[in-house]
Amino acid sequence: MCDKLVVGVTVDELVTYKGKRAIIPFEDRAEIVRNIKWVDAVVPQYDMDKVKMCKKLHADVLFVGDDWYDTDKWRAFEEELSQINVDIVYFPYTKGVSSTKITQALKLARENQDD
């Protein structure tokens with residue numbers, strides 16, 4: 001669906017906007033994503049301004065999970081991105097994968113390491 005796939009990985013400081021804390025540090029998360037064979041480049045995501053980043057990267061397609069579909073924020077992004085000829089592709093939310101459960105498992109694993 002694209003010639004070059006650039007993935008934005010949220011920096012630890014930005015994770016806190018949801019009142020959360022990154023369990024896996026940014027550098028480790030970026031390295032994990034960087035090692036996915038389809039990923040050509042990883043960039044740090046310092047803010048939620050998708051339009052600014054698409055302009056900076058000269059992107060023509062933006063992929064995002066469909067949990068954002070038809071939200072006020074993404075309707076606004078759709079409008080702005082259409083003005084600069086960027087298409088949005090919503091991919092299906094991965095059912096059965098819970099970031100909350102992954103976080104709980106990682107916390108438990110770390111607690112067990114400390115014992």
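Nearest heavy-atom pair, D66 versus P92, reported as atom, atom and distance to 0.1 Å: OD2-CA, 3.4 Å. What you find for D12 and A22 is that their closest heavy atoms are OD1-CB, 3.4 Å. Scanning all heavy atoms of the two residues, the minimum distance from A59 to V86 falls at O-CG2, 3.2 Å. Between M48 and L14, the closest heavy-atom pair is SD-CD2, 3.9 Å.
Atom-to-atom distance recorded for E79:CD and W74:CH2 is 14.5 Å, nearest 0.5 angstrom. Here the CZ-CG distance, from F77 to D72, works out to 12.0 Å after rounding to the nearest 0.5 Å.
Looking at heavy atoms from C-beta onward, F26 lies in side-chain contact with V9 at the 4.5 angstrom threshold. Counting heavy atoms from C-beta on, the side chains of L81 and L62 come closer than 4.5 Å. For the pair I88 and V64, the minimum side-chain heavy-atom distance is below 4.5 Å.
Among the candidates F63, W68, Y69, the single residue satisfying the ring-ring contact (aromatic ring centres under 6.0 Å, His included) test with Y90 is Y69. Applying the side chain to side chain contact (heavy atoms under 4.5 Å, CB included) test between Q45 and each of V11, T10, V15 identifies T10 as the sole match.
Taking hydrophobic clusters as Ile, Leu, Val, Met, Phe, Trp and Tyr residues chained together by side-chain heavy-atom distances below 4.5 Å, V89 shares a cluster with V39. Criterion: ILVMFWY side-chain heavy atoms under 4.5 Å apart, direct or through other members. Under it, M1 and V6 are not part of a common hydrophobic cluster. Both V61 and V33 are part of a single hydrophobic cluster, where members link through side-chain heavy atoms under 4.5 Å apart.
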Report task. With side chain to side chain contact (heavy atoms under 4.5 Å, CB included) as the test, would you mind laying out the steps for N85 and D60 before giving the verdict? Result -> CA-CA 6 Å; N85 298 316; D60 53 12; over 6 Å; no
Query raised in the report: Is there a side chain to side chain contact (heavy atoms under 4.5 Å, CB included) between V51 and I84 once you walk through the steps?
Result: CA-CA 9 Å; V51 176; I84 58 170; 4.2 Å; yes
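The number of heavy-atom neighbours closer than 6.0 Å to CG of D3, taken from other residues, nucleotides and ligands shown, is 12 or below.
Among residue pairs with one or both ends in residues 37-50, those qualifying as salt bridge (charged side-chain N to carboxylate O under 4.0 Å, His left out) are D47-K52; sequence neighbours excluded.
A salt bridge is absent between R75 and E78; no separation between the charged side-chain nitrogens and carboxylate oxygens falls under 4.0 Å.
Judged by distance alone, with hydrogens and angles left aside, the side-chain atoms of D28 form no donor-acceptor pair with the main-chain N or O of I24 at under 3.5 Å.
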